[in-house]
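Please see the structure below; I have some questions.
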Amino acid sequence: QVQLVESGGGLVQPGGSLRLSCAAIGSYHNIYLMGWYRQAPGKQRELVATMTSGESKSYADSVKGRFTIARDIATNTVWLQMNSLKPEDTAVYYCNADTGWGESGWGQGTQVTVSS
């Protein structure tokens, strides 16, 4: 199982920005897919953004134009830059990684709260 460590959550006012970071622990060569999911209270976990090792990106419609995903393939690190945050973005954000050869994992989750 891929171990992931996240950081960067917090409390921000509507319209503000936050940057989440996630790094895979251990030696992994070229993790195929890394990304971010979120889960709000009473709701199912949903995809936010993913990025392949070939730099193909995918975003949920609700975050397009506001969130940007980036990766460092060499260090197996992924970031999520979140701008123009809205109260409905409030959730626990989870990092996810899939090596593409049978190993995957989730981060511990980081709380993002958007409130005035």
How many angstroms lie between atom CG of L80 and atom OG1 of T68, to the nearest 0.5 angstrom?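 It comes to 8.0 Å.
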Rounded to the nearest 0.5 Å, what separates atom OH in Y32 from atom OG in S104?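 Output value for this atom pair is 14.0 Å.
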Is there a path of hydrophobic side-chain contacts, each under 4.5 Å between heavy atoms of I, L, V, M, F, W or Y residues, that connects L85 with W36?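 Yes; W36 is reachable from L85 via cluster members.
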Closest heavy-atom pair and its distance - M34, L4: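 Distance-wise, the nearest heavy atoms are CE-CD2, 4.1 Å.
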Donor-acceptor under 3.5 Å (N96 side chain, G105 main chain):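 Between the backbone of G105 and the side chain of N96 there is a qualifying donor-acceptor contact (under 3.5 Å).
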Atom OG1 in T52, atom CG in D98: separation rounded to 0.5 Å?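 Rounded to the nearest 0.5 Å, the OG1-CG separation comes out at 11.5 Å.
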List, one per line, each side-chain donor-acceptor pair under 3.5 Å for residues 5-18, sequence neighbours excluded.
from	atom 1	to	atom 2	distance (Å)
E6	OE1	G109	N	3.3
E6	OE1	T110	N	3.2
E6	OE2	C95	N	2.7
E6	OE2	G109	N	3.3
S17	OG	N83	OD1	2.9

What donor-acceptor contacts under 3.5 angstrom involve side-chain atoms of residues 40-51, with partners at least two apart or in another chain?
from	atom 1	to	atom 2	distance (Å)
E46	OE2	R38	NE	2.7
E46	OE2	R38	NH2	3.3

Selection residues 104-116 - residue pairs positive for salt bridge (Lys or Arg N to Asp or Glu O under 4.0 Å), sequence neighbours left out: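 Checked against salt bridge (Lys or Arg N to Asp or Glu O under 4.0 Å) - neighbours excluded - no pair reaches residues 104-116.
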Look at the aromatic rings of Y37 and W106 and report parallel, tilted or perpendicular, splitting at 30° and 60°.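 Y37 and W106: perpendicular rings.
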Sorted by first residue and then second, give each ring pair (Phe, Tyr, Trp, His ring centres under 6.0 Å) pair with at least one member in residues 43-62; sequence neighbours left out.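 Non-adjacent pairs meeting ring pair (Phe, Tyr, Trp, His ring centres under 6.0 Å): zero.
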Verify same cluster id: V78, Y94 (apolar side-chain graph, 4.5 Å):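 Different hydrophobic clusters.
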So, the side chain of D89 versus the backbone of V114: is there a donor-acceptor pair under 3.5 Å, distance only?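 Absent.
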Can you tell me how far apart OG (S58) and NZ (K64) are? Round to the nearest 0.5 Å.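 The OG atom of S58 sits 7.0 Å away from the NZ atom of K64.
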Determine, using the 4.5 Å side-chain heavy-atom cutoff (strictly less than), whether Y93 and I69 are members of one ILVMFWY cluster.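 Same cluster.
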Which pairs pass salt bridge (Lys or Arg N to Asp or Glu O under 4.0 Å) with one or both residues in residues 70-88, sequence neighbours excluded?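 Of all non-adjacent pairs touching residues 70-88, none passes salt bridge (Lys or Arg N to Asp or Glu O under 4.0 Å).
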Could you state the interatomic distance from CG (N76) to OH (Y28), rounded to the nearest 0.5 Å?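 Atom-to-atom, N76:CG and Y28:OH are 9.0 Å apart.
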For R19, give me all partners under side-chain hydrogen bond (donor to acceptor under 3.5 Å, both in side chains), at least two apart in sequence or on another chain.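 With neighbours one apart ignored, the set is empty.
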Quick check against the 3.5 Å criterion: does T113 have a side-chain atom that pairs as donor or acceptor with the backbone of T90?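 Between the backbone of T90 and the side chain of T113 there is no qualifying donor-acceptor contact (under 3.5 Å).
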